[in-house]
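Data first, discussion second: the structure below is written as structure tokens.
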Amino acid sequence: MKHYLQFTDLTADEYAYLFERAAIIKKKFKSYEKYHPLADRTLAMIFEKASTRTRVSFEAGMYQLGGSVVHLTTGDSQLGRAEPIEDSAKVISRMTDLVMIRTFEQTKIERFAAHSRVPVINGLTNEYHPCQILADIFTYIEHRGSIAGKTVAWVGDGNNMANTWVQAAALLGFKVNVSTPRGYEIDEKLASDAQGVSASSYQFYSNPLEACKSADLVTTDVWTSMGYEAENEARKKAFADWCVDAEMMAAAKPDALFMHCLPAHRGEEVEAEVIDGPQSVVWDEAENRMHVQKALMEYLLLGRVA
């Protein structure tokens with residue numbers, strides 16, 4: 001049994017398989033071909049953080065694979081409050097086949113997984129967002145081919161997305177140029193792999209324009225992630241120069257793509273002309289959450305499909 005709690009939980013070979021399966025499963029979806037490998041399987045979704053894309057992509061995806069979904073919100077299940085996380089894990093995993101959790105601390109999902117009889121997927125924590133980076137890399141592959149040897153420019157907060165990009169770079173053989181304001185850098189301990197080996201596939205730039213030079217992909221996220229709303233005004237001031245604009249995209253390669261995990265605030269972390277422009281693939285990126293997660297759920301429950 002495998003869990004998917006951070007990007008380094010799978011190998012490069014497993015990712016190659018998942019990207020291949022995601023393409024096949026997406027083609028079936030686009031062709032209206034019924035594909036129900038997870039008939040009679042149930043996914044439990046636990047949300048302590050609100051969600052649009054994560055809920056829709058997992059729920060629609062599971063139904064499309066022939067399975068069913070149990071949706072639990074904070075009011076239904078407060079991990080570690082109404083009962084110990086360990087007890088919740090033992091109960092929920094006896095009644096379902098797969099669990100997706102979107103919560104705050106990574107330790108919560110790790111404690112749940114340690115006592116679960118079924119695979120657990122990280123739908124987002126403060127520290128990591130592996131399903132999103134899975135979708136982003138698949139989107140890059142769709143548009144430009146292999147990401148190996150390429151350069152990704154991360155402009156903005158050293159958050160869960162940035163941590164996961166750095167993990168992915170070390171594992172899949174590409175480079176990340178990271179530019180954050182001082183005080184909002186990546187935590188190298190979080191960006192290291194599961195064995196504690198520091199991910200060395202990134203370089204820090206104090207100037208975001210420099211980070212974008214010759215990049216194959218420019219990507220960003222909101223300045224204030226969920227759970228940090230009290231810092232919003234301070235962050236707006238600190239991040240004022242970290243808005244991805246036409247100048248930054250011009251510094252990247254001519255065929256560079258732009259991505260954003262959404263929701264986006266036009267005029268803050270990205271200018272409208274960029275996110276709504278010809279280099280933006282944010283809508284493909286959003287849809288691909290569903291397709292890569294379908295491949296992931298299929299793999300965690302059935303292993304490799306011939």
Spatial distance of atom [atom1] ([X]) from atom [atom2] ([Y]) [nearest 0.5 Å]:
X: R21; Y: I24; atom1: CZ; atom2: CD1; result: 5.0 Å
X: K213; Y: M248; atom1: NZ; atom2: CE; result: 12.5 Å
X: H260; Y: D221; atom1: NE2; atom2: CG; result: 5.5 Å
X: S201; Y: Q167; atom1: OG; atom2: CD; result: 11.5 Å
X: C131; Y: N122; atom1: SG; atom2: CG; result: 7.0 Å
X: K237; Y: N232; atom1: NZ; atom2: CG; result: 11.5 Å

| request: Heavy atoms only: give me the nearest M297-F58 pair and the separation to one decimal. | output: SD-CD2, 3.9 Å
| task | Just do the side-chain contact (heavy atoms from CB on, under 4.5 Å) check on L98 and R41 with the steps written out, would you? | result | CA-CA 8 Å; L98 189 62; R41 302 295 184 98; over 6 Å; no
Just by distance, with hydrogens left out, do [X] and [Y] show a side-chain donor and acceptor under 3.5 Å apart?
X: R289; Y: T54; result: yes
X: Q293; Y: S57; result: yes
X: N160; Y: N126; result: no
X: W154; Y: T220; result: no

| With the threshold set at 4.0 Å, does a side-chain nitrogen-carboxylate oxygen contact exist between E287 and K30? | yes
| request: Could you tell me whether D40 atom CG has more than 12 heavy atoms of other residues or ligands within 6.0 Å of it? | output: no
| said: Around atom CD of E247, are there more than 12 heavy atoms from other residues, nucleotides or ligands closer than 6.0 Å? | reply: no
For residues [X] and [Y]: do they belong to one hydrophobic cluster (side chain heavy atoms under 4.5 Å, members Ile, Leu, Val, Met, Phe, Trp, Tyr)?
X: M161; Y: F138; answer: yes
X: V56; Y: M100; answer: no
X: V152; Y: V166; answer: yes
X: I186; Y: Y184; answer: no
X: I25; Y: Y15; answer: yes

Given 3.5 Å as the limit, does a donor-acceptor pair link the side chain of [X] with the main chain of [Y], or not?
X: S280; Y: I275; answer: yes
X: T125; Y: Q106; answer: no
X: D245; Y: E271; answer: no
X: R102; Y: I46; answer: no
X: T139; Y: A135; answer: yes
X: E285; Y: M259; answer: no
X: N163; Y: E127; answer: yes
X: H115; Y: R111; answer: yes
X: T180; Y: D157; answer: no
X: N288; Y: D284; answer: yes

| task | Kindly indicate, with the supporting measurements, whether the criterion salt bridge (Lys or Arg N to Asp or Glu O under 4.0 Å) is fulfilled by E33 and K27. | result | CA-CA 8 Å; E33 181 182 339; K27 186 176 180 181; over 6 Å; no
Is there a side-chain contact between [X] and [Y] in this structure, where contact means two heavy atoms from C-beta onward sitting under 4.5 Å apart?
X: R182; Y: S206; result: yes
X: I92; Y: T96; result: yes
X: L38; Y: L302; result: yes
X: L262; Y: R53; result: yes

| query | Cation-pi between K150 and F174: NZ/CZ under 6.0 Å from ring centre and within 45° of the ring axis? | reply | no
| Cationic tip of R304 above Y17 ring, under 6.0 Å, 45° of axis | yes
| field | Output field: ring centroids F47/H71 closer than 6.0 Å | value | yes
| query | Which residue, L43, T42, L300, forms the side-chain contact (heavy atoms from CB on, under 4.5 Å) with D97? | reply | T42
